[in-house]
Amino acid sequence: YGALPLPYDLSIIGMTGCSLYTSKILSFNLTNTGGAATWTINIPNVAGYAGRSLYTQCGVTDASANRLGIAMSNACELKIGAK
């Protein structure tokens with residue numbers, strides 16, 4: 001993430017037990033409804049996208065999680081279509 005190698009331990013900013021696994025290219029605010037949030041993304045039907053990966057990680061506000069009040073998820077790889 002810039003000059004920082006990933007994964008990066010976020011304890012230094014008060015997020016004890018959390019690591020940053022992905023760089024922030026896009027950011028979306030989602031609403032928690034009944035313990036889940038849904039994220040929908042439209043991917044154009046272009047053959048060049050098949051087999052490519054997207055990497056994602058979520059941060060959620062949780063006042064009891066750590067000093068900063070934000071907890072991070074593990075990382076996730078999303079594979080587009082089939083190649």
Side-chain angles (χ1 to χ4, degrees):
Y1 187 68
L4 301 174
L6 297 176
Y8 185 76
D9 182 3
L10 296 173
S11 297
I12 194 167
I13 61 168
M15 296 174 67
T16 305
C18 294
S19 294
L20 181 65
Y21 293 104
T22 63
S23 60
K24 180 182 168 190
I25 297 173
L26 297 172
S27 179
F28 300 93
N29 289 324
L30 303 177
T31 302
N32 179 340
T33 305
T38 300
W39 176 54
T40 303
I41 182 172
N42 292 319
I43 299 172
N45 188 12
V46 176
Y49 288 132
R52 302 237 181 203
S53 295
L54 299 171
Y55 300 93
T56 186
Q57 182 177 16
C58 299
V60 296
T61 55
D62 180 352
S64 66
N66 50 46
R67 193 177 80 220
L68 195 60
I70 299 172
M72 299 299 289
S73 72
N74 287 325
C76 178
E77 177 182 10
L78 308 169
K79 196 69 111 168
I80 301 171
K83 188 170 186 176

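Remember, it's a predicted structure, so these values are computed and weren't measured experimentally. Heavy atoms only: backbone and side chains are in, while hydrogens, waters and symmetry mates are out.
Here the straight-line distance linking atom CD1 of I80 with atom OG of S53 works out to 7.5 Å at 0.5 Å rounding. Taking CD of E77 as the reference point, atom OG1 of T56 lies at 11.5 Å (rounded to 0.5 Å). I70 CD1 to I13 CD1: the interatomic distance, rounded to the nearest 0.5 Å, is 7.5 Å.
Proximity of a side-chain donor or acceptor of Q57 to a complementary backbone N or O of S73 within less than 3.5 Å is detected.
Cluster annotation: Y49 is connected to L54 through the hydrophobic network of ILVMFWY side chains, with a link wherever side-chain heavy atoms come within less than 4.5 Å. M15 and Y21 sit in two unconnected hydrophobic clusters of ILVMFWY residues. Membership requires side-chain heavy atoms under 4.5 Å apart, directly or through other members.
The shortest heavy-atom contact between D9 and C18 is OD1-O, 3.5 Å. Residue P7 comes nearest to S19 through the heavy atom pair CB-CB, 4.5 Å, listed as atom of the first residue, atom of the second, then distance. Nearest heavy atoms, Y55 versus T22: CB-CG2, 3.9 Å. Closest approach of G59 to M72, counting heavy atoms only: CA-SD, 3.6 Å.
Within a 6.0 Å sphere centred on CD1 of I12, heavy atoms belonging to other residues, nucleotides or ligands number 12 at most. Heavy-atom contacts from other residues, nucleotides or ligands closer than 6.0 Å to CD1 of I41 number more than 12.
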Would you please test T40 and T38 for side-chain contact (heavy atoms from CB on, under 4.5 Å) and show each step? CA-CA 7 Å; T40 303; T38 300; 4.0 Å; yes

side-chain contact (heavy atoms from CB on, under 4.5 Å) between T16 and R67: does it pass, once the steps are laid out? CA-CA 8 Å; T16 305; R67 193 177 80 220; over 6 Å; no

